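Some notes on the structure that comes next.
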Amino acid sequence: MGQTKTTTHKLKIRTGDLVKVISGNSKGAQGKVLEVQIAENRAIVEGVNMVKKHTKPSAANPNGGIIEKEASIHISNLALIDPKTGKPTRVGRKVVEVNGKKKIVRVAKKSGEVID
């Protein structure tokens, strides 16, 4: 009874995608997705949602101090950039046949362009 059920959803954004922030403090910023955290529905985007982190001196950083790094941002605040038009778009899925095998590909809703 005490167990919590966790479900992971199929996300429309993957590592390496070019995305635009559509809401939040970093609204309007574009960047490449560095990491996707599927369980939390969050992503880390290059140069977006920068936070200051206080670090202790270590072997990697002998002086310690304050470093700026990217914090995660919720997937719902990101929109994929259409490869054809360069504008934000929603993402759909389509079954395409390649060499006799069926494959599911991501498609930009605005232009119909296949993403990948």
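Just so it is clear, the model here is predicted, and its values are computed rather than measured.
The distance from the CD1 atom of Ile22 to the CG atom of Leu80 is 11.0 Å, given to the nearest 0.5 Å. With rounding to the nearest 0.5 angstrom, the CG atom of Leu18 is 11.0 Å from the CG atom of Asp82.
A donor-acceptor pair under 3.5 Å is absent between the side-chain atoms of Glu70 and the main chain of Val48, judged by distance alone. With hydrogens and angles ignored, the 3.5 Å screen pairs a side-chain donor or acceptor of Lys110 with a backbone N or O of Pro88.
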**Q.** Residues Thr89, Lys84; criterion side-chain contact (heavy atoms from CB on, under 4.5 Å); working and verdict
**A.** CA-CA 11 Å; Thr89 182; Lys84 195 173 188 179; over 6 Å; no
(Q) The test is side-chain contact (heavy atoms from CB on, under 4.5 Å); show your working for Asn77 and Lys27 and say whether it passes. (A) CA-CA 9 Å; Asn77 297 332; Lys27 183 177 179 176; over 6 Å; no
Q | Derivation and outcome, side-chain contact (heavy atoms from CB on, under 4.5 Å), residues Arg93 and Lys12 | A | CA-CA 9 Å; Arg93 294 175 195 282; Lys12 292 170 167 52; 4.3 Å; yes
Q: Test Ile44 against Val33 for side-chain contact (heavy atoms from CB on, under 4.5 Å), laying out the working first.
A: CA-CA 6 Å; Ile44 296 174; Val33 177; over 6 Å; no
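Taking hydrophobic clusters as Ile, Leu, Val, Met, Phe, Trp and Tyr residues chained together by side-chain heavy-atom distances below 4.5 Å, Val91 does not share a cluster with Val95. Note on Ile73 and Ile75: same hydrophobic cluster, where clusters join Ile, Leu, Val, Met, Phe, Trp and Tyr whose side-chain heavy atoms are under 4.5 Å apart, directly or indirectly.
The two residues Ile38 and Leu11 come nearest to each other via the heavy atoms CA-CD1, 4.0 Å. Closest approach of Thr15 to Leu34, counting heavy atoms only: CG2-O, 3.4 Å. In terms of heavy-atom proximity, Gly92 sits nearest to Lys109 at CA-CE, 3.9 Å. Scanning both residues, Gln30 and Ile81, for their nearest heavy atoms gives NE2-CD1, 3.8 Å. The two atoms that bring Leu78 and Ala43 nearest to each other are CD1-CB, 4.0 Å, heavy atoms only. Contact detail for Ser72 and Asn49: the closest heavy-atom pair is O-ND2, 2.9 Å.
Applying the 6.0 Å contact sphere to CG of Asn61 captures more than 12 heavy atoms from other residues, nucleotides or ligands.
Side chains of Lys103 and Glu97 form no contact here, defined as non-hydrogen atoms less than 4.5 Å apart.
Between Lys52 and Glu68 there is a salt bridge, since a side-chain N of the basic residue sits under 4.0 Å from a carboxylate O of the acidic one.
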